[in-house]
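As a basis for the values below, the full set of heavy atoms in this structure was taken, side chains included, without hydrogen atoms, waters or symmetry mates. Residue numbers begin at 1 in each chain, while the letters A, B, ... track the order of the sequences.
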Amino acid sequence: MASHLTSRREPLVRMVKRDSIGRGKITLVRVLAVLGALITGALLITALGFNPVAVYSDMIKGSLGGATGRIETIRLAIPLLITSLAISLAFKMRFWNIGAEGQILVGAMAASYFALFQAENLPRPALIAVMALPAVFHAKWGTNETLFTLMLNYIALRFLGYLENDPWKDPNLRGFPKIAMFSNAAKLPKVFDVHIGWIVALVLVFLVYIYLSRSKHGYEISVVGESTRTAKYAGMSVAKIIMRTMFISGAMAGLVGFIQVSGADYTLTETTAGGTGFTAITVAWLSKLNPVIMMFVSFAIAVLEKGSNKIQTTFKIPASAAEVLTGIILFFMLGCEFFINYKLIFRGRKGRVHG
Amino acid sequence: MKSKPVDAIRIKNACKSFGSVLANDCVCLSVRNGEILALLGENGSGKTTLVNMLSGIYFPDSGSIEVNGKEVTIRSPKDAFDLGIGMIHQHFKLVDVLTAAENIVLGLPGSLRIDRSALNAEIRAISKRYGLEVEPEKMIYDMSVSEKQTVEILKVLYRGASILILDEPTAVLTPQETDKLFNILRNMKKDGKAIIIITHKLNEVLSISDRVSILRKGRLIDTVETSTTNAQELTEMMVGRFVSLAIDRAPCADTEQRLRLRSVTCRNADGVKALNNVSFTLMAGEILGVAGIAGSGQKELCEVISGLHPIEEGKISLVLRDREEKISGLSPSEIANRGVSLAFVPEDRLGMGLVASMDMVDNMMLKSYKDPPGFFVDRKPPKEMAERLIRRLEIVTPGTSTPVRRLSGGNVQKVLLGREIASNPSVLIAAYPVRGLDINSSYTVYDLLNEQKQKGVAVLYIGEDLDVLLELCDRILVLCGGRVSGIVDARSTSKEEIGMMMVHIDEEKEVGA
């Protein structure tokens, strides 16, 4: 009865979880991942009929080469960094806030209200909004915050559409649904040619780092994230901690909206958030929720974004192809985490396990 | 009768490693048809890894497996089934909303329609043959733990298994149910089946097995005939040196009333009454053991006392010197604010008592991080406390900054118990504090509990091993379906008496005071 089994071999490839891995090896895996991404990207570019070396160097030149490019890259990195910091607070608590996109818009709307209609007595707005709503529902009724925050994104977006089309429509544009440009008083000042958002971002990196690692609040966030049962056992008020953290997280995302409308766009449109709330999720995960690493990762993503804008204009590469290129690079970066956590064992190399 | 009997299973030099841990190091094992082999070893000695290679869950790094004399490759549980190997896991793998019969045929090929009466007849025939008691049409959710286990056994028998592997099957059973299971195993042995039973209870090994294979740290130490050995010898092989098997029972300190429960009733998350009219008084300077089948309300009992679970009726109060403080209805932090130190070592150490990914320092301050005023945490006192505990309890860890989940089970428990004791509690609740611990660590825990008892702490010990309860505790409270079926003196009662009380409530004996 066993004869048919004896002929079978052991499986070709098996996954084995790694116990630990050296730093050198991690770096090697990451470097290989970047190379793999570049090569795969090169194949795509070649298939489209362009010279990959020229395209890559143009991406770098466009994003880091000249002063304008650099400023633009930094301007892209600022909202990404602050948003990543904001959601990392919630993520650390295992509260899946994927509503940063909507929170940015709400912040932007609040800021715009002051900029457009209260320009004379402008109190550089201290804006806090309904960001804590999902937290309240989650804490009180155990709703699924992932769906809840996602849904609120659309509510924010559609509400903005309504404002654009009716109450806040710029009367000077004769029926074209657009919100007016801000007056100069409502624009953020610049330091070294970039609006002061970059200083805000750097300060926040420091503050979030200290908040998470040194404060009692940060400690509570870690415990709740690990296990709400442990938190209750320790006498923590889980509902209060969730609401407080989500409030801060939402408020920081809202701050991004304010910085975007008054620092970068000088007006409010449906593209103010422009996917930042979602890209920030990638940034937060790639940085393992570490605020300092987040600084570098969001800059790198901004370089990618700016670079792909540049090649669109230089080579007339379609926007979607540039996005695919960005996607390939992100795929490799996230995918290499698998090889850091697992190793593959191939058939017939058993001896290596014991060496 | 063949002249040269072939082994049902023969494992030769099986090795399996997980990362840098060598779980099985060249283990050889064999079991004959019509034989019961006990696999004995402490936690982490590699017992489960070894049988998982037989049942197709793990694949060995090297070594070979022979079934009935032929070398085989087992790549999946299905391969194992095809070879007639059936495994009964520690955690049941049954579908709650289906009947016993439906669970038994689940996943088997067959026609679209199930001929229920034929199936039931077949199941009854198998049951009769081995003395199993099961109602084929009964829903799994209506079954007791031992009935579910019976279904698991039937499942593998129905599939024609001739080699059965049972992973700690008695852990969830009462003494009476264990006897019943052993009778079934003996019937199967008579029928010529090969049986491997994993356990770490020595008296069970001695009563059921023909031979014992002892594993220690992934290595096979020896295989001996059960009739030629004894508990002391087996322990020494299992642990690697001489161990005294007697548990000390410290004399009672001066006793006074410490914790009172009056007619406490509570419901669990499903709305079912988990505790029903529970009343008892816990004395300072005693260890009160709590016995009962798993899920009889032990978890809820611990949680209502420590303020983690709301009560519906009744009253819980603490007696401290002359004042009586009502603590029912208060949250854990409110209880702590009343100056009452209530230590709780929960059953789920890494999921409730400790934060698995945090280091010892951060775990030390879990309950006290709020004490020093200010916005920031002060990690100096917890760090000193962690270093003190490492020295005093001989905790084996690379350092205070190693995540506690990296520590072994015994050391995790020392960290948790050490922290709770360091708070100078007046009441100490310990839920299954030696579960999964090796013999050495278990004795450290008993010593620590005895030490607390002599300091005048009221200790509530939730246990599962009746032998331990009888030796360690002063009194034993028996829970049955959320009710107290009696409180007995541990010095004068017997395992059989407690076993009876675990499954049956004698209305007259029920304690109401």
Among B/G307, B/A336, B/S331, B/G374, residue most engaged with chain A (heavy-atom pairs, under 4.5 Å): B/G374
If you tally heavy-atom pairs under 4.5 Å between each of B/R379, B/E334, B/M365 and chain A, the highest tally belongs to B/M365
Can you name the nearest heavy-atom pair linking A/T230 to B/L354, along with the distance?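 Nearest heavy atoms, A/T230 then B/L354: OG1-O, 3.6 Å.
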Closest approach of A/K232 to B/L308 (non-hydrogen atoms, all atoms of both residues):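 In terms of heavy atoms, the two residues are closest at O-CD2, 3.4 Å.
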With sequence neighbours left out, write down each residue that passes salt bridge (charged side-chain N to carboxylate O under 4.0 Å, His left out) with B/R349, or none if nothing qualifies.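 By the salt bridge (charged side-chain N to carboxylate O under 4.0 Å, His left out) rule, B/R349 matches no residue at all.
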Give a yes or no on this: more than 12 heavy atoms of other residues, nucleotides or ligands lie within 6.0 Å of atom CZ of B/F376. yes
Residue B/D348 versus chain A: region with a heavy atom under 4.5 Å: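 When you check distances to chain A, only side chain atoms of B/D348 fall under 4.5 Å.
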Does any heavy atom of chain A fall under 4.5 Å from the side chain of B/S357, the backbone, both, or neither of them?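 Both parts, backbone and side chain.
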So A/S227 and B/M352, side-chain contact (heavy atoms from CB on, under 4.5 Å) or not? Walk me through it. CA-CA 7 Å; A/S227 151; B/M352 186 167 185; 5.8 Å; no
Side chain to side chain donor-acceptor pair (under 3.5 Å) partners for B/R219, two or more places apart: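 Testing B/R219 for side chain to side chain donor-acceptor pair (under 3.5 Å), a comparison that skips the adjacent residues, returns B/D25.
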Among residues 210-218 of chain A, which ones touch chain B with a heavy-atom distance under 4.5 Å?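 So the qualifying residues are A/I210, A/Y211, A/S213, A/R214, A/S215, A/K216, A/H217.
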Does the side chain of [X] reach to within under 4.5 Å of the side chain of [Y], using non-hydrogen atoms?
{"X": "B/M358", "Y": "A/S222", "answer": "yes"}
{"X": "B/L366", "Y": "A/V223", "answer": "yes"}
{"X": "A/E220", "Y": "B/K370", "answer": "yes"}

Walk me through whether B/K367 and A/M236 qualify under side-chain contact (heavy atoms from CB on, under 4.5 Å). CA-CA 9 Å; B/K367 280 175 156 179; A/M236 295 175 183; over 6 Å; no
Taking ring-ring contact (aromatic ring centres under 6.0 Å, His included) as the cut-off, I'd like each qualifying pair that reaches into residues 336-374 of chain B, sequence neighbours left out, listed once. A/Y219-B/Y369, A/Y233-B/F344
